[in-house]
Amino acid sequence: MELGDHNRLPIVVGVDGSEQSLVATRWAAREARAREVPLLLVHAMGVPNMYMGVVPPSAEAVTALREDARTILEQAAQVATATAEVTVETALRSDTVAAALRAVSHRARMVVVGASGYGRFLAGVAMGATPVQVASHAACPVVVIRGQFADQLPETAPIVVGIDGSELSDEALGHAYEIAAHRAAPLIAVHAWSDQDTEILFSASRAHFDWELPSETEQRVLAERLAGWADKYPDVVVERVVVRDKPRHKLLELSSGAQLVVVGSRGRGGFAGLLLGSTSQALMHHAACPVMVVRPAATASA
């Protein structure tokens, strides 16, 4: 399949027949329409998961899986076209969901997955395993669809983006501005300038400390990060939020009124080498709206 130049790369969504994957399909269809790009629906049969490499699948089993897969893709395609006027393509793969989505991420604008619903043949697998695996290794941004009504959130609700001054958070900011511009939505730019635990900061032993207002330095950091993007997207209304706290606390709070939260896969803090930071993981598991996790394509693993 020829996917064309970068501006025509598709939005990819993983579908498995679950209601959550159909919510993800609706969300992705609207985003594809707004960007005027194709929508690629990917279903992975997960044969390695079913047989764990011990017993090879019979021809009858594979045929049954393929028939089920085609039904799932057809249903998702119908949902997508009923949601938005968009070009829909489908892809059927035999490998695991995470492996399939990682593979196609190298030729995608973004990958969209439901927070739950994947791995239907492995009951008891840790919740959220597939989204975490995809967000850890994808070569493009990954949107994790959280909430039963994520596809119905008003497009006038704000886009929230976390900024910590790192190069990757600058990439997240660019994606957030782009989405806000496409949806004519306001943008809330959040800069958290302390990674200490709130419980420690406000412990009884330090209750006497008189906190100063956020420093002018941190306010300037945020202003500098926004400057170039504000020139490129002058119509996007931006609210600046500077907090002295862990980033995830404020971002989780704001997610309850947002249509999307955008963060880098990891920021300045944490341990070098980790694929996902604590902020992105906390949002993927607990945010009240969809979450976009941005990874640098140059370092994304296949």
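Everything numeric here is computed off the predicted structure, so don't read it as measured data.
Looking at every heavy atom in both residues, A139 comes nearest to S105 through N-OG, 2.9 Å. For the pair V263 and G162, the tightest heavy-atom approach, listed with the atom from each and the gap, is CG1-N, 4.3 Å. Annotation for P131 and G114: closest pair CG-O, 3.3 Å, computed over non-hydrogen atoms. The heavy-atom pair separating G264 from S280 by the smallest distance is O-CB, 3.8 Å. Nearest approach of V86 to T81, heavy atoms of both residues: O-CG2, 4.4 Å. Of all heavy-atom pairs spanning A181 and Y233, the tightest one is CB-CD2, 3.5 Å.
The OG1 atom of T25 sits 9.5 Å away from atom CG of L73, with the distance rounded to the nearest 0.5 Å. Atom CG in L254 sits 10.5 Å away from atom CG in L283 (nearest 0.5 Å). Here CZ of R70 is found 11.0 Å from CG of L65. Values are rounded to the nearest 0.5 Å. Going from atom NE2 of H182 over to atom CZ of R35 covers 5.0 Å, rounded to the nearest 0.5 Å. One distance of note links SG of C140 with CE of M110; it measures 8.0 Å at 0.5 Å rounding. We find the CD1-CG distance between I159 and L173 to be 12.5 Å, quoted to the nearest 0.5 Å.
Taking R26 as the reference, E19, D151 meet the salt bridge (Lys or Arg N to Asp or Glu O under 4.0 Å) condition, with sequence neighbours excluded.
The backbone N or O of E36 sits less than 3.5 Å from a side-chain atom of R8, completing a donor-acceptor pair. Between the R146 side chain and the A287 main chain, a donor and an acceptor come within less than 3.5 Å of each other. Put simply, the side chain of S256 never gets that close to the backbone of L252: no donor and acceptor are under 3.5 Å apart. The backbone N or O of S136 lies less than 3.5 Å from a partner atom in the side chain of R295, making a donor-acceptor pair. With H285 contributing its side chain and Q281 its backbone, the two residues share a donor-acceptor pair below 3.5 Å. Side-chain N or O atoms of S169 include none that pairs as donor or acceptor with a backbone N or O of A172 at under 3.5 Å. Of the possible donor and acceptor atoms, one in the side chain of H191 sits under 3.5 Å from a partner among the backbone N and O of I163.
The closest side-chain heavy-atom distance from I179 to E31 is below 4.5 Å. Between R93 and H43 the shortest side-chain heavy-atom distance does not fall below 4.5 Å. Contact annotation: the side chain of V134 approaches that of V111 to within less than 4.5 Å [non-hydrogen atoms, C-beta and beyond]. Side-chain contact between V37 and L9 is absent, with no heavy-atom pair separated by less than 4.5 Å. Considering only heavy atoms from C-beta on, V12 comes within 4.5 Å of L101 through its side chain. With a 4.5 Å cut-off on side-chain heavy atoms, V262 and V160 do not count as touching. With contacts defined as side-chain heavy-atom distances shorter than 4.5 Å, the pair L260/W27 qualifies. Residues M292 and V261 have side chains not in contact (no heavy-atom distance under 4.5 Å, counting atoms from C-beta outward).
Ion pairing of K250 with E253 is present here, as a side-chain N (NZ or NE/NH1/NH2) and a carboxylate O approach within less than 4.0 Å.
For the side-chain contact (heavy atoms from CB on, under 4.5 Å) criterion with V143, the lone passing option out of I11, V293, V112 is V112. The side-chain contact (heavy atoms from CB on, under 4.5 Å) test with L41 is passed by exactly one of L92, V88, I72: V88.
V15 and L22 are assigned to two separate hydrophobic clusters, defined by single-linkage of ILVMFWY side chains at heavy-atom distances under 4.5 Å. Two different hydrophobic clusters hold L153 and V144 under the rule that ILVMFWY side chains link at heavy-atom gaps under 4.5 Å. Residues V221 and L187 do not share a hydrophobic cluster, defined by chaining ILVMFWY side chains whose heavy atoms lie under 4.5 Å apart. No continuous path of ILVMFWY side-chain contacts below 4.5 Å connects V113 to V79, so the two sit in separate hydrophobic clusters.
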Audit row: V236, W229, side-chain contact (heavy atoms from CB on, under 4.5 Å) steps and yes/no: CA-CA 10 Å; V236 175; W229 294 111; over 6 Å; no

Yes or no on side-chain contact (heavy atoms from CB on, under 4.5 Å) for V161 and V190, after CA distance, side-chain angles and deciding distance? CA-CA 6 Å; V161 58; V190 180; over 6 Å; no

Set out, in order, the CA-CA distance, both residues' side-chain angles and the distance that settles side-chain contact (heavy atoms from CB on, under 4.5 Å) for D170 and L168, then state yes or no. CA-CA 5 Å; D170 284 346; L168 192 50; over 6 Å; no

Full working for side-chain contact (heavy atoms from CB on, under 4.5 Å) between L40 and T90: CA-CA 5 Å; L40 175 60; T90 62; 5.7 Å; no

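A side-chain N or O of Q259 and one of R183 form a donor-acceptor pair less than 3.5 Å apart. Checking R30 against T83 by side-chain atom types alone, no donor-acceptor pair falls below 3.5 Å.
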